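This report refers to the structure that appears directly beneath it.
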Amino acid sequence: MSNRRKFIKYSAIGGLVTIISSAFKTKKLETYRDIKIEKPIVISTWNHGLPANKTAWEILGKGGTSLDAVEQGVRITESDPTNGSVGLGGRPDRDGFVTLDACIMNHKNQCGSVAFLQNIENPISVARKVMEDTPHVMLAGEGAYQFAIEKGFPKKNLLTDGAKKDWEEWLKKSKYQPVINIENHDTIGMLALDSLGNLAGACTTSGLAYKIHGRVGDSPIIGAGLFVDNEVGAACATGLGEAVMRIAGSSAVVELMRSGATPEEACKEAVDRIIRKHDSVENLQVGFLALDKNGQYGSYSIHNGFNFALHTSNKEKLIDSKYRHKQ
Ligand code: SD4
């Protein structure tokens, strides 16, 4: 392509970006004119977010940091054996191994992550250690496990009797059907803004039930399952990780907010991006959740059924997400 044609092409794209971002900016000014900053605040995915938020709030309400709040908050879900998609009690892969993915990110763009981690109940705290005690962002598999043991995390069998029984039942047909629809979900993603105005986020999961051994989803991938930029906002994702990774979902949501979109508009555009890139989304569920620097929050999902928990100084509730398609 000649330089002139390249220039015309890129200026046309640039012009379009300017038009889109100024549309968002105008909207933002209208929407936000009278809004006062709401903080502290914590939001998290699904109804297990209610007890997780409660723990996070014990920290935030006393002036603690958003980082401590999100770590302690999601540990509640990780340690709950009745939750089949996170930590202890998580459904195994198709070979019977419970493998966990988690990541955490603070207001300084520091982040830590573990993927394909086994036999450790609270991967989020291992992810935090990766962030704070190593020069790295991500550890995986056996190396992540060895690191956790060195840091004093106890080894624990995470396959509960109930999850084992369900897996044995699944083995009878062994139908490999990696779908996440409105019945098959549960990852916890949590976003918090503390009283100092700092954002942090955490995301933790056992991933897709009966996945191929070694499969890693979006949840430990910074920019996919979680992204935090303290200048703008934070976002996290739940649902089919492959679809989230393909659009760098949480990073996209934060960038859209940077361009002036409200949290809900940003989540909606990310959902639409996923829909545009799939021939059919009949069996595909993804939900995004976002919190901006002003404590404004929003969510959007492909299908109905996604909800999130909110906790502020005077509100503690579950909110149904807006969505594109009703099932
Ligand atoms: C994954 N995104 O491993 C996770 C699963 C999930 O609600 O979010 N379930 O693909």
Side-chain angles (χ1 to χ4, degrees), residues 43-49 52 74 77-78 80 82-87 89-94 97-104 113-118 123-124 127 138 140-141 144 158 163 166 176-191 201-227 235-253 267 270-271 274 278 281 283-290 299-309 318 320-321 323 327:
I43 54 176
S44 56
T45 55
W46 305 111
N47 53 359
H48 52 218
V74 303
T77 324
E78 288 180 335
D80 176 359
T82 65
N83 183 306
S85 298
V86 184
R91 289 187 209 95
D93 64 19
R94 63 187 190 181
F97 299 97
V98 180
T99 73
L100 305 178
D101 296 337
C103 74
I104 193 160
S113 156
V114 287
F116 192 56
L117 174 63
Q118 295 177 56
I124 200 66
M138 190 167 194
L158 304 177
D166 290 347
Y176 190 58
Q177 206 179 18
V179 293
I180 289 199
N181 53 25
I182 63 176
E183 289 97 35
N184 179 14
H185 56 69
D186 263 355
T187 293
I188 185 156
M190 179 179 278
L191 310 171
C203 186
T204 177
T205 191
S206 54
L208 274 178
Y210 317 134
K211 59 197 172 184
I212 293 177
H213 187 61
R215 181 264 186 189
V216 170
D218 60 316
S219 304
I221 311 289
I222 298 295
L226 175 74
F227 197 66
C236 61
T238 179
L240 189 72
E242 282 73 3
V244 176
M245 285 190 271
R246 285 184 192 127
I247 65 151
S250 294
S251 164
V253 171
C267 293
V271 159
I274 290 177
H278 286 81
V281 290
N283 256 323
L284 171 60
Q285 175 67 312
V286 169
F288 289 106
L289 180 62
S299 74
Y300 219 84
S301 55
I302 298 178
H303 294 285
N304 57 309
F306 174 43
N307 53 20
F308 67 94
L318 205 55
D320 285 330
S321 177
Y323 53 87
Q327 267 189 348

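Atoms within each ligand, like the ligands themselves, are counted from 1 in listed order. Because the structure is a prediction, the values reported are computed rather than measured.
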Item checked: Gly217-ligand 1 polar pair, N/O distance under 3.5 Å -> no
Next item on the list: Could you tell me which non-hydrogen atom of Trp46 sits nearest to which non-hydrogen atom of Leu318, and how far apart they are?
Entry: O-CD1, 4.0 Å
Checklist line | Salt bridge Lys211-Glu242, side-chain N to carboxylate O under 4.0 Å | finding: no
Notebook entry, point to check: Got Val86 and Ser206 here, is their nearest side-chain heavy-atom distance under 4.5 Å?
Noted result: no
Item checked: Interfacing atoms of ligand 1 (cut-off 4.0 Å, heavy-atom, Gly207) -> 3 (O)
Next item on the list: Using a strict cut-off of 4.0 Å, indicate which atoms of ligand 1 neighbour a heavy atom of Gly241.
Entry: 1 (C), 2 (N), 10 (O)
Next item on the list: With atom 8 (O) of ligand 1 as the reference point, say which of Val286, Val216, Thr187 has the nearest heavy atom.
Entry: Thr187
Next item on the list: Identify the heavy atoms of His303 and Val281 that sit nearest to each other, and give their distance.
Entry: NE2-O, 2.7 Å
Checklist line | side-chain contact (heavy atoms from CB on, under 4.5 Å) involving Ala52 - partner list, sequence neighbours excluded | finding: Thr77, Ile188, Met190
Note to self: Angle between ring planes, Phe97 versus His213, binned at 30° and 60°: parallel, tilted or perpendicular?
What the structure shows: tilted
Item checked: Sub-4.0 Å atoms of ligand 1 with respect to non-hydrogen atoms of Ser219 -> 2 (N), 4 (C)
Notebook entry, point to check: Would Arg215 count as a contact of ligand 1 if the rule is a heavy atom under 4.0 Å away?
Noted result: yes
Next item on the list: Can you figure out which of Leu208, Leu100, Asp218, Thr238 has its heavy atom closest to atom 2 (N) of ligand 1?
Entry: Asp218
